[in-house]
Amino acid sequence: MSDLKGGLSEAVEAAFAGLGLPAELGRVTASDRPDLADFQSNGALAAAKRVGKNPRELAAAVAEALAGDARLASIEIAGPGFINLKLTDAALGERAQEIANDPRLGAEMVAEPRRVLVDYGGPNVAKPMHVGHLRASIIGESIKRLYRFRGDTVLGDAHFGDWGYQMGLLIGAAMDESPAVRDAVEALNAGETADAAVFNAVTLADLDRLYPEAAAKGKADTDYRDRARKITAGLQDRRAGYFALWQRFRDVTQVALERDFHALGVDFDLWKGESDVEDLIDPMVAELDAKGLLVDDQGARIIRVTREGDKKELPPLLVVSSEGSAMYGTTDLATILDRKRSFDPHLVIYCVDQRQADHFEIVFRAAYLAGYATEGQLNHVGFGTMNGTDGKPFKTREGGVLKLADMIEMTRTKARERLHEAGLGENLSPDEFEDIAGKVAVAALKFADLQNFRGTSYVFDLDRFTSFEGKTGPYLLYQAVRVKSVLRRAAEEGVQPGPIVVAEPAERELVLTLDAFETALAEAYDRQAPNAVAEHAYRLSQAFSKFYAACPILQAEPAIRASRLALATATLAQLERALDVLGIAVPERM
RNA sequence: GCGCCCUUAGCUCAACCGGAUAGAGCACUCGCCUUCUAAGCGAGCGGUUGCAGGUUCGAGUCCUGCAGGGCGCGCCA
């Protein structure tokens, strides 16, 4: 089964081939001029250039070859040589029926499913969650769902940043603050027994508070920095006190992260961290050395990754620092090795801020040199920053970093207000109302992000995102809920869906939009750009809304009523499916 | 200094290998609820796609230069 675009492409490509022209030129796309046609092919223009003939003559010859096609109501040549195709109502009705009967709602599967790992770019133990993590999780979750829906086997890994210098800083700061913690750490480090329960007093709030202070001190004070480095090395040597305290940091952080991410409808398959590959590092370094990739430089051990033709000189990958510790890039490299051994992915997608592009380029090149992946298997899918209304990276009114949990709560509060304003949900139970407010909040946040191409930065404006008018998440939920309401009423009245017959302009438009699902999914998949799916969901909602306004469903005469009910059912299913790919859930009512 | 990204309507953003008249939403103006959820629908207003060249039958899209903005550039992650 293929969509209308695909089916027509085959016919037009065959017509091109029949004229001795390259078949691929016959590719059909949705029409740029819906007033003139449903679909178009621009191939005659390109072909004319290649063979030196008049494009309109070539187009006419193609049109003649297509003349017998029963699907086509008209074939017209327009402008310099566009081939405009209009479908019969019958062909549209048939396709609508196909979509309605299809569990995948008209979406295809990839020909060769792959194993794909999505890396969400690592929330860190020490650093508070900021808006960058929101984008990574929203986009990463959507890419995971998209790839999965297309047929790939996909794992999402939170890839916790739980190792390295930041941990040394934090352990030192926690020890400075509490003599009890300090004594316990030192006792354990010395091989004595100590009550590790004192570590349980350390909370996530403590970490959030201590880290920025410690990081600032480490920058200003060399002694402080040296101590943190020594602690880091001690942690990497598994000294019992450091290790036990570190474990506590990790636990409190993971609990909070899981809660926050779950509230956003983001769930990870793997909660791996940088610490999980710690044991791989020494053997890996030895192996890199044996392969002759390591170079001693200024007391550190590096891998040079420059290539012929580089426009600028990339810094090398720093594998072992002059202090003897593993670096950020080292754990990334070890993670690549670990994933190759455990999952052997065809593709690893790093969903991380665009600003880290150079870092990933360096790590990837090192991995290719080491043979841990083959060229092209590692893919950095970068995204822009989320800015405040002043155009600068988003900050709270006080100038601080907004925590993810606070942002979610802020959005929920806004959602509740909006629901009250609209007088909605007043006769629902408090639990259901809260559930709806949560879904509205998630839809608002996610759709606002995903409707933009991931690579561009965008402005975070909560009032706009939670608005229930216009191109927003709540609008999409409203449309879906409205269909559910009609279907519920139909069920109460015992009305059954029946064969789909297309007649009205609004019905034609709706079916053409339903048919475009596959195109949107394929584009999103190929470009790793969920905004194509977001755009489709919005267009589908709009097309339905027009249909809803123009074509009464339950009041229509029985045959038409059955047809429109079937169309509405298929629309809802596809809309929910598209929203699901975006990670947005729809309530039953609102 | 070197490199990467960005600049599209008053604002926020789209635009499928280069195709016809560059599209949405917000804001603003007007019309539509005794009929399935008006958080909706319809109509209108709004553009020298930062600037200057080039390639092409055809450029927001490709190339060159310039201006403005953002980001990155070895021992943090």
Side-chain angles (χ1 to χ4, degrees), chain A residues 24 27 29-33 35-36 40 42 45-46 48-49 55 78-82 84 122 124 126-127 161 163-166 169 215 218-219 225 229 274 297-300 302 310-318 320-323 325 327-329 331-332 353-359 362 382 384-385 387 389 391-393 418-419 421-422 424 448 451-453 455-459 461 464 467-472 474-475 477-479 481-490 516 519-520 522-523 526-527 531-532 535 538-539 542 545-546 548-550 552-555 568 589-590:
Chain A
E24 67 271 15
R27 196 174 64 104
T29 59
S31 179
D32 290 331
R33 294 287 305 273
D35 53 320
L36 300 179
Q40 66 184 32
N42 305 334
L45 295 163
K49 195 184 218 168
F82 299 106
N84 281 336
N124 279 320
K127 294 183 184 171
W163 208 242
Y165 172 68
Q166 52 179 344
L169 272 175
K219 267 186 194 163
R225 180 166 60 228
R229 289 217 180 114
E274 293 175 336
D297 193 272
Q298 296 167 39
I302 63 170
D310 281 352
K311 282 193 179 176
K312 65 160 175 179
E313 194 175 338
L314 274 179
L317 181 74
L318 198 49
V320 183
S321 77
S322 49
E323 300 282 318
S325 27
M327 306 300 293
Y328 178 37
T331 43
D332 277 355
D353 195 316
Q354 190 63 49
R355 288 177 289 195
Q356 299 205 42
D358 283 355
H359 166 74
I362 292 164
T385 54
N387 295 333
T389 40
K392 292 180 179 163
R418 300 282 197 183
L419 287 166
E421 274 168 27
L424 285 167
Q451 69 169 302
N452 304 320
F453 178 69
T456 55
S457 298
Y458 71 100
V459 174
D461 181 346
R464 189 160 60 78
S467 167
F468 297 97
E469 285 165 17
K471 197 171 183 176
T472 66
Y475 167 91
L477 295 191
Y478 169 71
Q479 294 301 345
V481 165
R482 203 157 64 152
V483 189
K484 288 191 182 191
S485 174
V486 174
L487 298 186
R488 225 173 2 245
R489 186 170 289 229
T519 300
E523 192 199 334
D526 292 342
R527 295 177 59 204
N531 67 308
E535 184 66 24
Y538 181 69
R539 284 197 190 150
Q542 264 192 328
S545 201
K546 283 180 192 176
Y548 182 85
I553 299 169
L554 299 177
Q555 283 82 358
R589 70 191 87 229
M590 56 194 275

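Chain identifiers are assigned alphabetically (A, B, ...) following the order of the sequence lines, protein sequences preceding nucleic acid strands; residue numbering begins at 1 within each chain.
- For A/Arg464 and B/A27, the shortest distance from a side-chain N or O to OP1 or OP2 is not below 4.0 Å.
- Annotation for A/Asp332 and A/His359: closest pair OD2-NE2, 2.8 Å, computed over non-hydrogen atoms.
- Contact annotation for A/Gln298: base contact, defined as any heavy-atom pair under 4.0 Å involving a base atom.
- With hydrogens and angles disregarded, a donor-acceptor distance shorter than 3.5 Å links the side chain of A/Ser457 to the backbone of A/Thr385.
- The side chain of A/Tyr538 approaches B/G25 more closely than any other nucleotide in the set B/C41, B/G72, B/G25.
- Applying the 6.0 Å contact sphere to CZ of A/Arg225 captures more than 12 heavy atoms from other residues, nucleotides or ligands.
- Side-chain contact between A/Tyr458 and A/Asn387 is absent, with no heavy-atom pair separated by less than 4.5 Å.
- Taking a pair as Watson-Crick or G-U wobble with both distances under 3.5 Å, RNA chain B forms stems of 3 or more consecutive pairs at B:1-7 with B:67-73, B:10-13 with B:23-26, B:28-32 with B:40-44, B:50-54 with B:62-66.
- Rounded to the nearest 0.5 Å, atoms CD1 (A/Ile302) and CG (A/Asp297) are 4.0 Å apart.
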Any chance you could lay out the side-chain contact (heavy atoms from CB on, under 4.5 Å) test for A/Gln542 and A/Ser545, step after step, and finish with the verdict?
CA-CA 5 Å; A/Gln542 264 192 328; A/Ser545 201; 5.6 Å; no
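- Here A/Tyr478 lies in heavy-atom contact (under 4.0 Å) with a base.
- Between A/Tyr538 and A/Tyr475, the angle of the ring planes lies from 30° to 60°, which puts this pair in the tilted group.
- Among the protein residues, A/Arg27 comes within range of the nucleic acid bases, having at least one heavy atom under 4.0 Å from a base atom.
- Counting non-hydrogen atoms under 4.0 angstrom, A/Asn452 reaches the backbone sugars and phosphates but no base.
- Within the 4.0 angstrom heavy-atom criterion, only backbone atoms of the sugar-phosphate kind lie near A/Ser457; the bases stay farther away.
- In this structure the side chain of A/Tyr548 never reaches within 4.5 angstrom of the side chain of A/Gln479, judged on heavy atoms.
- Side-chain atoms of A/Lys312 and A/Leu314, non-hydrogen and from C-beta on, do get closer than 4.5 Å to each other.
- Across all strands shown, A/Ala300 has heavy atoms under 4.0 Å from base atoms, whether or not it also approaches the sugar-phosphate.
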Sequence-aligned protein contact record of nucleotides 57-69 of chain B, with B where the base is within under 4.0 Å of a protein heavy atom and S where only the sugar-phosphate is:
BB-----------
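- Across all strands shown, A/Glu24 has heavy atoms under 4.0 Å from base atoms, whether or not it also approaches the sugar-phosphate.
- Within the structure, a side-chain polar atom (N or O) of A/Ser545 is placed less than 4.0 Å from OP1 or OP2 of B/C41.
- Looking at heavy-atom distances under 4.0 Å, A/Tyr165 makes contact with sugar-phosphate atoms alone, never a base.
- Residue-level contact check: A/Glu469 touches the backbone only, with heavy atoms under 4.0 Å from sugar-phosphate atoms and none from bases.
- Among the heavy atoms of the strands, none lies under 4.0 Å from A/Thr331.
- At the heavy-atom level, A/Pro474 lies nowhere under 4.0 Å from the strands shown.
- Backbone-only contact: A/Asn531 has heavy atoms under 4.0 Å from sugar-phosphate atoms and none from a base.
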